[in-house]
Amino acid sequence: QVQLIESGGGLVQAGGSLRLSCAASGRTFSNYTAGWFRQAPGKEREFVATIKWSGGSTYYADSVKGRFTISRDNAKNTVYLQMNSLNPEDTAVYYCAARQGTYLYTVGNNYHYWGQGTQVTVSS
């Protein structure tokens with residue numbers, strides 16, 4: 001059973017930075033893809049970024065490109081989301097997701113495993 005545990009959320013002022021972590025367990029993740037999604041109050045879940053565990057290829061939503069960076073540490077089975085130049089529109093619950101596969105998946109329904117989410121609040 002795959003488990004994903006997010007951490008690193010919090011309250012930050014506009015222009016600030018946060019780094020989210022997603023610790024994965026229960027599998028060897030070398031042939032997995034991981035992703036970050038977010039959901040703001042009253043809005044639908046939104047794709048943020050995705051990474052192939054093997055090789056490290058990445059893909060980003062236009063809204064975060066150039067500000068956010070997704071990465072992984074194979075030795076720690078952990079995926080990160082470094083978020084810079086945050087603005088109030090980035091306020092949301094951020095979720096880590098994973099699935100076995102070799103593509104960069106941007107649709108939430110393509111993922112099989114989800115974390116519990118971590119709140120990110122950006123004040124103006």
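One is the number of the first residue; the rest follow in order along the sequence.
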Does a side-chain heavy-atom distance below 4.5 Å link Leu104 with Thr58?
-> no
Residues Glu6 and Tyr95: closest non-hydrogen pair is OE2-CA, 3.3 Å
Report the distance from atom OG of Ser123 to atom CG of Leu86, rounding to the nearest 0.5 Å.
-> 10.5 Å
Under 3.5 Å, is there a donor-acceptor pair between the Arg38 and Tyr94 side chains?
-> yes
Within 6.0 angstrom of Gln3 CD, more than 12 heavy atoms from elsewhere = no
What about the rings of Trp53 and Phe29, do their centers lie closer together than 6.0 Å?
-> yes
Step through it carefully: locate the ring centre of Phe47, locate the ring centre of Trp36, and say whether they are under 6.0 Å apart.
-> no
What heavy-atom pair brings Ser21 and Thr78 nearest, and what distance separates the two atoms?
-> CB-CG2, 4.2 Å
Grab the two heavy atoms, one from Asn84 and one from Ser17, that are nearest each other, plus how far apart they are.
-> OD1-OG, 2.9 Å
Are Tyr80 and Tyr59 grouped together when hydrophobic residues (ILVMFWY) are joined by side-chain heavy atoms under 4.5 angstrom apart?
-> no
If you round to the nearest 0.5 Å, how far is CG of Asn31 from OG of Ser54?
-> 8.5 Å
Is there a donor-acceptor pair under 3.5 Å between the side chain of Thr33 and the backbone N or O of Tyr103?
-> yes
Do Arg19 side-chain atoms and Gln82 backbone N/O form a donor-acceptor pair below 3.5 Å?
-> no
Which atom names give the shortest non-hydrogen contact between Ala14 and Ser124, and what distance separates them?
-> CB-CA, 4.3 Å
Could you grab the distance from atom CG of Leu4 to atom OG of Ser25, nearest 0.5 Å is fine?
-> 7.5 Å
So, Tyr60 side chain and Thr50 main chain: donor-acceptor pair closer than 3.5 Å or not?
-> no
Please round to the nearest 0.5 Å and tell me the distance separating atom CZ of Arg99 and atom NE2 of His112.
-> 4.0 Å
Report yes or no: do Leu20 and Tyr113 belong to one cluster of Ile/Leu/Val/Met/Phe/Trp/Tyr joined by side chain heavy-atom distances under 4.5 Å?
-> yes
In terms of hydrophobic clustering (I, L, V, M, F, W, Y; side-chain heavy atoms under 4.5 Å; direct or indirect links), are Val122 and Val64 co-clustered?
-> yes
Say you draw a straight line from CZ of Arg72 to SG of Cys22; how long is it, rounded to the nearest 0.5 Å?
-> 14.0 Å
Might you confirm whether atom NZ of Lys76 has over 12 heavy atoms from other residues, nucleotides or ligands at distances under 6.0 Å?
-> no
Nearest heavy-atom approach of Arg27 to Gln1 is NH1-N, 3.3 Å
Between Tyr105 and Ala98, is there a donor-acceptor pair closer than 3.5 Å when you use the side chain of the first and the backbone of the second?
-> no
Please answer: with hydrophobic residues joined when any side-chain heavy atoms are less than 4.5 Å apart, are Phe68 and Leu18 in the same cluster?
-> yes
Do Ile70 and Val79 have side chains that get closer than 4.5 Å, going by heavy atoms?
-> yes
Distance-only, no hydrogens or angles: does the Glu46 side chain make a donor-acceptor pair with backbone N or O of Phe37 under 3.5 Å?
-> no
Will you find, in the side chains of Tyr32 and Thr102, an N or O donor that is under 3.5 Å from an N or O acceptor?
-> no
Which heavy atom of Ala49 sits nearest a heavy atom of Leu81, and at what distance?
-> CB-CD1, 4.3 Å
Look up atom OG in Ser30 and atom NZ in Lys52, then write down how far apart they are to the nearest 0.5 Å.
-> 13.5 Å
Who passes side-chain contact (heavy atoms from CB on, under 4.5 Å) against Thr121, sequence neighbours left out?
-> Leu11, Thr91, Gln119
Do the side chain of Arg67 and the main chain of Met83 share a donor and acceptor less than 3.5 angstrom apart?
-> no
